[in-house]
Protein chains: 2
Amino acid sequence: MEPDLTNNQKIVLQTLEKSEQPLGAYSILFNVEKKGIKSPQQVYRALDKLITIGAVHKIESLNSYIACKHKECKARESTSFLICQDCQRVFEILEADLSDKFLKVSKKSNFKYSTHNLEIFGVCKTCS
Amino acid sequence: MEPDLTNNQKIVLQTLEKSEQPLGAYSILFNVEKKGIKSPQQVYRALDKLITIGAVHKIESLNSYIACKHKECKARESTSFLICQDCQRVFEILEADLSDKFLKVSKKSNFKYSTHNLEIFGVCKTCS
DNA sequence: TTTGTTATGTTATATTATAACATATCACAT
DNA sequence: ATGTGATATGTTATAATATAACATAACAAA
């Protein structure tokens, strides 16, 4: 059972949920200043918590964050995204067999697979 | 035929080649100051070029850079890495079938696959 | 040898992220 | 209801990563 979110965490999460595109931390900050959040720290702390519980994911190559659309997201650690180079939207994919594939590929190098981050770039359905 | 590298580009590349771990841009800068490179700009510019020609790759989740060990690396755009959480070393993998897999997965979402960045985390052979 | 392209040197600044510390709030066992 | 420990907050400052802008130099190739 997840603990309830605090005010700041809710505000940050709602901001991300409303956004079509991933948002940077300072872009989130700009959006929530009218709601009383005044410093980067507050945003980053809320993000940390939200990421820990799997409600938000970071897109590493964009230094940006998205709300996870999947209830009870298992992707606390491993994540896989489709990133549209036209509209900047990001779609999370939950393919069980990706982990299997990466486990196998890792094994070939005698590497113990733990988690992964996959970012696929291209053009989304709407943009093509 | 690739153009020859300039002095700054060679210096930055050699620094990365000598390193066991990926290096951040400012860590590279620290290493090359005695060789006459004095500003972040010079490092970033050399990195840009080296990345463009495929001689260096960026590890997005670490904001760090590694020299590519593969002659004539095709990975100018798509990259796949094994990242050891114990020793911080990074191993690039060249699995042709990963692109195929990602193409298929993308297709399922009506997404036109173009390139990818894969970062697998775990424990390397030496560390386990 | 001039012309266009690419690289350099340099200073300044933008962007992303953490450190540190005092205070407050919350969950919950006594 | 009260103390206790864990977690969150507010705030200021600063670290770490990356780019802008502009003047100059080197280089390739017609």
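Lettering follows sequence order; numbering is per chain, from 1. Keep in mind it's a predicted model, so treat the numbers as computed, not measured.
- Between B:Leu23 and B:Tyr65 there is no side-chain heavy-atom pair separated by less than 4.5 Å.
- Between A:Glu92 and A:His70, the side chains place a donor N or O and an acceptor N or O closer than 3.5 Å (distance only, hydrogens not considered).
- Not one side-chain nitrogen or oxygen of A:Lys49 sits closer than 4.0 Å to the OP1 or OP2 atom of D:dA6.
- Note: A:Ile28 CD1 to A:Ser19 OG = 8.5 Å, rounded to the nearest 0.5 Å.
- Residues A:Gln14 and A:Glu17 are in side-chain contact: their nearest non-hydrogen atoms beyond the backbone lie under 4.5 Å apart.
- Mapping B:Asn63 and B:Asn8 onto DNA chain C by nearest heavy atom places B:Asn8 at the nucleotide closer to the 5' end.
- Read 5' to 3', the first and last nucleotides of DNA chain C with an atom closer than 4.0 Å to a heavy atom of chain B are C:dA7 to C:dT11.
- Ionic pairing of A:Asp97 and B:Lys101 is present here: one or more N-O contacts between side-chain nitrogen and carboxylate oxygen are shorter than 4.0 angstrom.
- Straight-line distance from the NZ atom of A:Lys10 to the P atom of D:dA8: 13 Å, rounded to whole Å.
- Side chain of A:Gln88 to main chain of A:Asp86: a donor-acceptor pair is present (N/O by atom type, distance under 3.5 Å, no hydrogens or angles).
- Using a 4.0 Å cut-off on heavy atoms, the residues of residues 18-47 of chain A that approach DNA chain D are A:Lys38, A:Ser39, A:Gln41, A:Gln42, A:Arg45, listed by number.
- Residues B:Pro40 and B:Tyr26 form a side-chain contact, since some pair of their non-hydrogen atoms from C-beta on lies under 4.5 Å apart.
- Using a 4.5 Å heavy-atom threshold, the side chains of A:Val56 and A:Ile66 count as separate.
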